[in-house]
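See structure below.
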Amino acid sequence: MQINVLLFASLRDAAGGDVIEIEVPEFATAADVLSELKDRVPESATLLSSCRVALDCRYVSNATSIAGAKEIAIIPPVSGG
Amino acid sequence: MQINVLLFASLRDAAGGDVIEIEVPEFATAADVLSELKDRVPESATLLSSCRVALDCRYVSNATSIAGAKEIAIIPPVSGG
Amino acid sequence: MQRRLPGPKKLQSSLLSVAVEQVPKFSCQVCLVQKPIDIAQLQPLISDHDAGAHGWFYGVTRRRTGDKITASLSYQAHPVMAEKELARLANEAANRFELKCIVIVHRTGEVPVGEASIVIGCSSPHRRQTFAALPWLMDEIKREVPIWKRETYTDGSQEWVHPITEVT
Amino acid sequence: MQRRLPGPKKLQSSLLSVAVEQVPKFSCQVCLVQKPIDIAQLQPLISDHDAGAHGWFYGVTRRRTGDKITASLSYQAHPVMAEKELARLANEAANRFELKCIVIVHRTGEVPVGEASIVIGCSSPHRRQTFAALPWLMDEIKREVPIWKRETYTDGSQEWVHPITEVT
């Protein structure tokens, strides 16, 4: 299925946009999303290994299913403060 | 010899003034000053055991001679901040 | 501008037998802003007659990092999630350190040298609680809140800062 | 109102072989005041382009101490010695924690509930230094600086506070 994924910071710059549409299996997990993004944005593969996934503004583990999520965001290591 | 000693906080209240004139031996130490004050302000004897002496705005040990000091102050346990 | 959060729900539900007036009360307010943080406006937000200790931390854009000279910083956020995470951390700090009030403001967009990107204020009955809460909050914010910093150096180069951490 | 102190003399004399521009520089300002502490006026005193962390602590008259309700506090000082001790501690903190700037203001006389008796601000390149300096300074000030607090409770009773400590 097709899903939209929100991107931030250097990942957004590398992908050239704040959202990317990707194709994932029907029962995809957060790990599947990261894996597909490594293929689509290969120059960010290393960074993606350090990214977390947030579903509807909550961090989830890589094993979590994305089913039912209204918003999927990739959170690179943060540097606020 | 006669010396003037500065008093503060509850010691000042007990002595009824911010300075007290006391008589001490010629080669008196800080300990001698505290000792004489215990006689002169007996209701503060316990507090005086916890007081430090400052000569010219510096804390000194009880064994220090007061000779040459321009100002002698008794510093009860402090509670600023 | 401020987001006023509900009280400590977890505490309330686990202390049902306690009279309502004995449940600890605190005020938590967090927000993101896109202009200079108005510090004077924040002061009254942490006042409480039973709080003898008020502490503030300001994170300010620094000119020098190692050998490099910073011209400016720019912060990008996932704004909704960032405010949610700030609110979660503020509530956790209030519970953990028995704070009376807490306010956290993070600025996004360009933050020139000498200006604050983050301001945290909190108040507590005694100073130990405030002194423990502020470093804890800064550590957590730098680990959990989806906000990113981009350095622009005086040589014109730019880089996003992504401290490499273990994925949880 | 402010007392600007000389640089770190001890460091300078023990580092004579170091070029002058490498000697750490910092700004220390301390004073006693007899009216409300003007916090807005103090903010610029700790600004420094290489200080990414600014921390402030306010000690505020609290309404409740244990079961007693405080109507007001009054502070008495040995003013000359108190400023000397504050300056000594400020300089020691600046050296010990590598601070860029430090300011300490202590109010004397009556300090009503909700108003600050002491304000300490400091700045440093990174936040760890500021977070370490503030609690250290408060502990030292409460031990060393000749200032005394008198509680006036709502029942009209008054007492000087003299925490019993070992005599050094």
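To find a chain, count down the sequence lines: A is the first, B the second, and so on, and within it residues start at 1.
Taking CZ of Arg88(C) as the reference point, atom SG of Cys57(A) lies at 12.5 Å (rounded to 0.5 Å). Distance OH/Tyr59(A) to CD/Glu144(C): 5.5 Å, rounded to 0.5 Å. To the nearest 0.5 angstrom, Leu47(A) atom CG is 6.0 Å from Ile164(C) atom CD1. Here the CE atom belonging to Met81(C) is positioned 8.5 Å from the CZ atom belonging to Phe8(A), to the nearest 0.5 angstrom. Taken from CZ in Arg12(A) to CD in Gln76(C), the straight-line distance is 4.0 Å, to the nearest 0.5 Å. From Ser79(A), atom OG reaches atom CD of Glu151(C) across 9.0 Å, with rounding to the nearest 0.5 Å.
For chain A, the nearby part of Glu85(C) is the side chain; its heavy atoms alone come within less than 4.5 Å. Proximity to chain A (any heavy atom under 4.5 Å) is shown, for His78(C), by both the backbone and the side chain. Using a 4.5 Å cut-off between heavy atoms, Trp160(C) touches chain A through its side chain atoms alone. With a 4.5 Å cut-off on non-hydrogen atoms, Asp18(A) does not touch chain C at all. Looking at Ala9(A), the atoms closer than 4.5 Å to chain C (heavy atoms on both sides) sit in the backbone and in the side chain alike. Only the backbone of Ala77(C) comes within contact range of chain A, judged by heavy atoms closer than 4.5 Å. Interface residue Val145(C): only backbone heavy atoms are found under 4.5 Å from chain A.
The 12-atom threshold is exceeded at CZ of Arg63(C), counting heavy atoms of other residues, nucleotides or ligands nearer than 6.0 Å. Few gaps surround CD on Glu115(C); more than 12 heavy atoms of other groups in view lie less than 6.0 Å from it. Around the CD atom of Gln158(C), the shell of radius 6.0 Å holds more than 12 heavy atoms that belong to other residues, nucleotides or ligands.
The backbone N or O of Pro77(A) sits less than 3.5 Å from a side-chain atom of Trp148(C), completing a donor-acceptor pair. In terms of modelled atom types and a separation under 3.5 Å, the side chain of His162(C) and the main chain of Pro76(A) share no donor-acceptor contact.
Closest approach of Val78(A) and Ile141(C) over heavy atoms only: CG2-O, 4.3 Å. Residues Ile118(C) and Gly81(A) share a closest heavy-atom pair of CG2-C, 3.4 Å.
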